[in-house]
Amino acid sequence: MTDVVDSDELLRRIQRARACAAQEERAWRARGERLGREDPGDSGAVRDAEIRTVAYGAVLRVLDEILTPGKHTAPG
């Protein structure tokens, strides 16, 4: 990636990345819930979905902090 981008393009890219992460988080959360209902014996697949949900949630929190600094700070 050697293209020089202005701040507006950078902001658009971060917003697209955030939207993608939110979509993936929802998809993995739904998949984990579905797997838990359909095949409770397959705990590995359910655990994998939970881990991916948490990972995408962390990405969302980071991108939210970049887009709106200080708005999402933890109390205390």
Side-chain angles (χ1 to χ4, degrees):
M1 179 171 200
T2 60
D3 297 339
V4 176
V5 296
D6 63 5
S7 60
D8 290 334
E9 176 62 19
L10 182 59
L11 180 61
R12 284 190 295 274
R13 290 181 185 190
I14 293 170
Q15 289 168 334
R16 282 194 308 266
R18 192 213 175 278
C20 179
Q23 180 181 3
E24 288 293 322
E25 181 190 35
R26 285 189 303 271
W28 281 105
R29 184 180 314 279
R31 182 176 181 184
E33 291 169 358
R34 189 185 74 244
L35 287 170
R37 286 189 311 268
E38 293 174 357
D39 189 7
D42 190 6
S43 62
V46 173
R47 181 73 179 141
D48 183 53
E50 290 172 354
I51 290 169
R52 290 173 189 262
T53 300
V54 170
Y56 280 109
V59 170
L60 278 173
R61 284 189 300 279
V62 169
L63 293 175
D64 282 342
E65 183 62 28
I66 291 169
L67 292 170
T68 53
K71 182 178 179 184
H72 306 282
T73 56

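As a basis for the values below, the full set of heavy atoms in this structure was taken, side chains included, without hydrogen atoms, waters or symmetry mates.
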Peer 1: Report the residues that fulfil side chain to side chain donor-acceptor pair (under 3.5 Å) with E9, sequence neighbours left out, ordered by chain and then residue number.
Peer 2: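 Only R12, R13 meet the side chain to side chain donor-acceptor pair (under 3.5 Å) criterion with E9.
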Peer 1: R26: which residues meet the salt bridge (charged side-chain N to carboxylate O under 4.0 Å, His left out) condition with it, sequence neighbours left out?
Peer 2: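 Counting only residues at least two positions away or on another chain, R26 forms no salt bridge (charged side-chain N to carboxylate O under 4.0 Å, His left out).
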Peer 1: Using a 6.0 Å cut-off, check whether atom CD of Q15 has over 12 heavy atoms from anything other than its own residue.
Peer 2: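 Enclosed: over 12 neighbouring heavy atoms sit under 6.0 Å from CD of Q15.
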Peer 1: Applying side chain to side chain contact (heavy atoms under 4.5 Å, CB included), name anything that partners R18, two or more places apart in sequence or on another chain.
Peer 2: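 Side chain to side chain contact (heavy atoms under 4.5 Å, CB included) list for R18, sorted by chain: A22, L60, L63, D64, L67.
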Peer 1: Of all residues at least two apart in sequence or in a different chain, which pass the salt bridge (charged side-chain N to carboxylate O under 4.0 Å, His left out) check with E50?
Peer 2: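 E50 satisfies salt bridge (charged side-chain N to carboxylate O under 4.0 Å, His left out) with R47 once adjacent residues are dropped.
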Peer 1: Partners of A45 by side chain to side chain contact (heavy atoms under 4.5 Å, CB included), sequence neighbours excluded?
Peer 2: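 Side chain to side chain contact (heavy atoms under 4.5 Å, CB included) list for A45, sorted by chain: L35, D42.
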Peer 1: Using only atom types and a distance under 3.5 Å, with no angle test, would you say the side chain of E25 pairs donor to acceptor with the backbone of V54?
Peer 2: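 No, because the side chain of E25 does not come within donor-acceptor range (under 3.5 Å) of the backbone of V54.
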Peer 1: Please find the pair of heavy atoms, one from A49 and one from G32, that lie closest to each other, and give the distance.
Peer 2: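 Looking at all heavy atoms of both residues, the shortest contact is CB-CA, 3.6 Å.
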Peer 1: In the hydrophobic cluster built from side-chain contacts under 4.5 Å, what are the other members alongside W28?
Peer 2: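 In the cluster with W28 are Y56.
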Peer 1: Please report the shortest heavy-atom distance between V46 and G36, naming the atom on each side.
Peer 2: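 Scanning both residues, the minimum pair turns out to be CG2-N, 3.8 Å.
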